[in-house]
**Q** 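Please find one structure pasted underneath; my questions will follow.
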Amino acid sequence: MTGPDQAGTEQAPPERLPRPVLLTVDDDPSVSRAVARDLRRQYGEGYRIVRAESGPDAIEALKELRRRGEQVAVLLADYRMPHMNGIEFLEQAMDLFPSARRALLTAYADTEAAIQAINVVDVDHYLLKPWSPPEEKLYPVVDTLIELWRATGQAPIRETKVIGHRWSRPSFEVRDFLARNAVPYRWYPADDPEGERLLAACDAGPDDIPLVVPADGTVLRCPTTAQLAASVGLSTTPTGDFYDVLIIGGGPAGLGAAVYGASEGLRTVLVERQATGGQAGQSSRIENYLGFPDGVSGGQLTDRARRQAVKFGAEILTARCAVALEAEGPKRVVRFADGGAIGAHTVVLATGVSYRELDAEGAERLTGRGVFYGSAATEALACAGKHVVIVGGANSAGQAAVFLAAHAARVTLVVRGPDLERSMSQYLISQVRALKEIEVRACTRVLRCDGDTHLERVTLVDDADGSCEEIEAEHLFVFIGATPPTEWLPAEVHRDESGFVLTGPDLLRGGTPPPGWPVPREPYLLESSVPGVFVAGDVRSQSVKRVASAVGEGALVVTLVHRYLEGR
Ligand SMILES: Cc1cc2nc3c(=O)[nH]c(=O)nc-3n(C[C@H](O)[C@H](O)[C@H](O)COP(=O)(O)OP(=O)(O)OC[C@H]3O[C@@H](n4cnc5c(N)ncnc54)[C@H](O)[C@@H]3O)c2cc1C
């Protein structure tokens, strides 16, 4: 290994923590030096650049970094190297630094190999050589890799502190909100010595819990979601008075509409009540989204989409819940639970669906205290070595079971129907069956949930013979279908009997638009019964409940918005 930034030679300045490492390995010394130079120019302030000229040397450097307890954020490896190619290197490097993000440098002719590498070692990106100018080709990729790495929680950041009770719904909601919005935080149970010290330092009593202390040291006592969002730097207020398109809901459909709307020059604002990502953000692994042969976590996919929308100039507001929609002549106005309102030429409803509540005795009382809707990721670590129960027979439940089987000692999947075949994709059924930790209980329902301060026992009833069984479990995750949150919409926005919003041809009766339809044309394909109010994704009647179709509708809806704006 060569170069001024060799591992083992450069000492961290005594007054600061060692900077995380960006490591680059290329057997061509001139390329290796050039990559290191470009990286140092852009990232030298916050990161230490380590370079190596062979795979084995780079592995040695990583071992030394590991021994010294340092952090490695990003690995950039050339594909074509003698002794150990880039893929072999990244495979070994993953054992030493599993959280480091990985990119492969390839020549055009090796693109095929790079694509294979995505399957073999879960490479995050591949970069074609030459990468010049770095501002266009190298830095955006490295920026993404660094952001991904920071999101793993390994980065030495001054994170937000949350002090709360382990089994309390408000404390869970704070943690869940931060996690879903990818805000790093550290959790301190209020009865742990460190939690007690922090409470004392903030002069906080039991009524102040959950207590949140963001990085700037301010103290938030039982914060509302809006206070929490603002304190951790999530935007909650619009910068403009009026927009071309106002999107309600930050799931794949809303994010798709935001990316296309903003990139096509529309003044675009997206408003989300909780966290961008929607249902997809809760998916531990989406395996059927085009272009990700090895699957992608929903959080990662939607985080990229959010950044893409922001890059194109879309405004994203969090912690704002739409509660009313009004049409004032050509103007559409959406009002929010906090009293504010935003006006726009057009509105896109992309509010998806919300979990249906479990109809079992005790479930409501213990929600957030052992009974969770979705949220498997937030609670996964707490399930280590435990027996968890998952309710539901569709893909979301299957994914959660596979995900939690890696943490929990035992997973019981409670399915109302006689088998999984009629509700779950075959690839997931195979994964579920292959894991010995998962037990599938068909024809079974949850009868009751018991526990004092938190869930302790779950009673299951077998519908085939009526027998009951009580099992000890502190975690029950519910994935039993969903309903559209559309009750806040005015009657003028027509819905089907289940509450999903009708659009385009579904609004026609005998080829005629619905009564009160005010314009001399039929509703556009994704337009609701109120002109200029469009619908995309799961909330639309007859929609396909998939990430890809939600994203597709988000893109399509923008074309229809253009058509509407031009035709006014
Ligand atoms: C655990 C899980 C795993 C899944 N796995 C897969 C998979 O592998 N493959 C696949 O194709 N599909 C999968 N799905 C389904 C897929 O995630 C959905 O089809 C997709 O997310 C729908 O996108 P959407 O944007 O229409 O709605 P959603 O993702 O539901 O997003 C709607 C958003 O609107 C917000 N919102 C609602 N009401 C308001 C309001 N009044 N004001 C402001 N904001 C509001 C919500 O908070 C939410 O963020 C999965 C779903 C779940 C739950």
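In listed order, ligands and their atoms are each counted from 1.
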**Q** Strictly inside 4.0 angstrom of atom 48 (C) of ligand 1, do you find any protein heavy atom?
**A**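 Yes, there is one.
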**Q** Are R568 and H345 linked by a side-chain donor-acceptor pair shorter than 3.5 Å?
**A**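 Side chains of R568 and H345: pair found under 3.5 Å.
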**Q** Backbone or side chain, does any N or O of P252 fall under 3.5 Å from an N or O of ligand 1?
**A**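 So ligand 1 has an N or O lying under 3.5 Å from an N or O of P252.
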**Q** Specify the protein heavy atom at minimum distance from atom 30 (O) of ligand 1: its residue, its atom name, and the distance to 0.1 Å.
**A**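 For atom 30 (O) of ligand 1, the nearest protein heavy atom comes out as Q279 NE2, 2.7 Å.
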**Q** Q279 and S396: side-chain donor and acceptor closer than 3.5 Å?
**A**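 Checked: Q279/S396 side chains show no N/O donor-acceptor pair below 3.5 Å.
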**Q** Going by the atom numbers of ligand 1, which of them fall below 4.0 Å from some non-hydrogen atom of A350?
**A**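 Selected atoms, number and element: 32 (C), 33 (C), 34 (O).
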**Q** So, is G537 polar-close to ligand 1, with some N/O to N/O distance under 3.5 Å?
**A**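 Among all N and O atoms of G537, none is under 3.5 Å from an N or O of ligand 1.
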**Q** What are the atoms of ligand 1, with element, lying closer than 4.0 Å to any heavy atom of Q399?
**A**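 Reading through ligand 1 atom by atom, the close ones are 3 (C), 4 (C), 5 (N), 6 (C), 7 (C), 8 (O).
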**Q** What protein heavy atom lies closest to atom 35 (C) of ligand 1? Include the residue and the distance to one decimal.
**A**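 Protein heavy atom with the smallest distance to atom 35 (C) of ligand 1: E272 OE1, 3.2 Å.
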**Q** So do L317 and T236 actually touch side chain to side chain, heavy atoms under 4.5 Å?
**A**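 No, every pair of side-chain atoms sits at 4.5 Å or beyond.
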**Q** Which one holds for Y289 and ligand 1: side chain close, backbone close, both close, or neither close, with close meaning a heavy atom under 4.0 Å?
**A**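 Neither; nothing of Y289 gets under 4.0 Å from ligand 1.
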**Q** Please indicate, with yes or no, if any protein heavy atom is found under 4.0 Å from atom 14 (N) of ligand 1?
**A**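 It does not; no protein heavy atom is within 4.0 Å.
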**Q** May I ask you to identify the nearest protein heavy atom to atom 1 (C) of ligand 1, giving residue, atom name and distance to one decimal place in Å?
**A**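 Checked against all protein heavy atoms, atom 1 (C) of ligand 1 sits closest to S396 CB, 3.4 Å.
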**Q** What atoms in ligand 1 come closer than 4.0 Å to a heavy atom of R320?
**A**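 Here the atoms of ligand 1 in question are 42 (N), 43 (C).
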**Q** Output yes when the distance from some N or O of ligand 1 to some N or O of Q274 is under 3.5 Å, and no in every other case.
**A**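 Q274 vs ligand 1: no N/O contact under 3.5 Å.
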**Q** So which protein heavy atom does atom 25 (O) of ligand 1 come closest to, and at what separation?
**A**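 For this ligand atom, the closest protein heavy atom is A253 N, 2.9 Å.
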**Q** Heavy-atom distances under 4.0 Å decide this one: backbone, side chain, both or neither, for F336 against ligand 1?
**A**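 No part of F336 is near ligand 1 at this cut-off.
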**Q** Enumerate the atoms of ligand 1 whose separation from the nearest heavy atom of Y355 is less than 4.0 angstrom.
**A**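 Taking each heavy atom of Y355 in turn, ligand 1 has 53 (C) under 4.0 Å.
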**Q** Kindly indicate whether the side chain of W517, heavy atoms from C-beta on, has any atom under 4.5 Å from the side chain of P531.
**A**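 Sidechains of P531 and W517: in contact.
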**Q** Using the ring of each side chain (for Trp, its six-membered ring), is F172 parallel, tilted or perpendicular to F372, with breaks at 30° and 60°?
**A**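 Judged by the thresholds at 30° and 60°, the geometry between F172 and F372 is tilted.
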**Q** Identify the closest protein heavy atom to atom 34 (O) of ligand 1: which residue and atom is it, and at what distance?
**A**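 Ranked first by proximity to atom 34 (O) of ligand 1 is G249 CA, 3.2 Å.
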**Q** Polar-atom distance check: V547 versus ligand 1, any N or O pair below 3.5 Å?
**A**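 Between V547 and ligand 1, an N or O pair is found under 3.5 Å apart.
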**Q** Less than 3.5 Å between some nitrogen or oxygen of D538 and one of ligand 1, yes or no?
**A**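 N/O-N/O distance under 3.5 Å: yes.
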**Q** Please say whether more than 12 non-hydrogen atoms of neighbouring residues, nucleotides or ligands are located less than 6.0 Å from OH in Y260.
**A**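 Count not over threshold, so no.
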**Q** Below 4.0 angstrom from a heavy atom of V353, which ligand 1 atoms are there? Numbered from 1 as shown, please.
**A**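 Taking each heavy atom of V353 in turn, ligand 1 has 30 (O) under 4.0 Å.
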**Q** List the closest protein heavy-atom neighbour of atom 27 (O) of ligand 1: residue, atom name, distance to the nearest 0.1 Å.
**A**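 Ranked first by proximity to atom 27 (O) of ligand 1 is G352 CA, 3.2 Å.
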**Q** I need the atoms of ligand 1 closer than 4.0 Å to a non-hydrogen atom of I286, numbered in the order shown.
**A**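 Matching atoms, with element in brackets: 7 (C), 8 (O), 9 (N).
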**Q** Check this for me: R186, atom CZ, are more than 12 non-hydrogen atoms of other residues, nucleotides or ligands nearer than 6.0 Å?
**A**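 12 or below, so no.
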**Q** Suppose I only count heavy atoms of G278 and a 4.0 Å limit; which atoms of ligand 1 are within that range?
**A**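 Atoms satisfying the 4.0 Å criterion: 29 (O), 31 (O), 48 (C), 49 (O).
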**Q** Return the CG to CG distance between L476 and L358, rounded to the nearest 0.5 Å.
**A**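 Rounded to the nearest 0.5 Å, the CG-CG separation comes out at 6.5 Å.
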**Q** Sort out for me which residue in E437, R441, H387 forms a side chain to side chain donor-acceptor pair (under 3.5 Å) with T412.
**A**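 Checked E437, R441, H387 against T412; only one passes side chain to side chain donor-acceptor pair (under 3.5 Å): H387.
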**Q** Tell me: protein heavy atom nearest atom 36 (N) of ligand 1, and distance?
**A**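 Looking only at protein heavy atoms, the one closest to atom 36 (N) of ligand 1 is R273 NE, 3.6 Å.
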**Q** Should I286 and F292 be marked as a side-chain contact (heavy atoms from CB on, under 4.5 Å) after you check the CA-CA gap, both sets of side-chain angles, and the distance that decides it?
**A** CA-CA 9 Å; I286 297 172; F292 291 87; over 6 Å; no
**Q** Could you state the interatomic distance from CG (L556) to OH (Y524), rounded to the nearest 0.5 Å?
**A**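 Taking CG in L556 and OH in Y524, the distance rounds to 12.5 Å.
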**Q** Roughly how far, to the nearest 0.5 Å, is the CZ atom of R304 from the NZ atom of K311?
**A**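 It comes to 12.5 Å.
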**Q** Are any side-chain N or O atoms of S549 and backbone N or O atoms of K545, one a donor and one an acceptor, separated by less than 3.5 Å?
**A**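 Absent.
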**Q** Mind telling me whether F479 and Y355 have parallel, tilted or perpendicular rings, with 30° and 60° as the class edges?
**A**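 Y355 and F479: perpendicular rings.
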**Q** Determine whether the side chain, the backbone, both or neither of N288 has a heavy atom under 4.0 Å from any heavy atom of ligand 1.
**A**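 The side chain, only.
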**Q** Evaluate A322 for polar contact with ligand 1, using N/O atom pairs at a separation under 3.5 Å.
**A**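 N/O-N/O distance below 3.5 Å exists for this pair.
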**Q** I want to confirm something. Looking only at heavy atoms, which of T351, T276, V334 is nearest to atom 37 (C) of ligand 1?
**A**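 Considering heavy atoms of T351, T276, V334, the nearest to atom 37 (C) of ligand 1 sits in T351.
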**Q** Quick test of your reading of the model: are E379 and R166 salt-bridged, counting only N-O distances below 4.0 Å?
**A**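 Salt bridge between E379 and R166, a charged N being under 4.0 Å from a carboxylate O: yes.
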**Q** Considering only NZ, NE, NH1 and NH2 on the basic side and carboxylate oxygens on the acidic side, decide whether E421 and R433 come within less than 4.0 Å.
**A**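 R433 and E421: salt-bridged.
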**Q** Which residue and non-hydrogen atom of the protein lie closest to atom 31 (O) of ligand 1, and at what distance in Å?
**A**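 Looking only at protein heavy atoms, the one closest to atom 31 (O) of ligand 1 is G251 CA, 3.4 Å.
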**Q** Need the ligand 1 atom indices (1-based, order shown) with element for anything under 4.0 Å from a heavy-atom of A275.
**A**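 Those of ligand 1 that fall under 4.0 Å from A275 are 49 (O).
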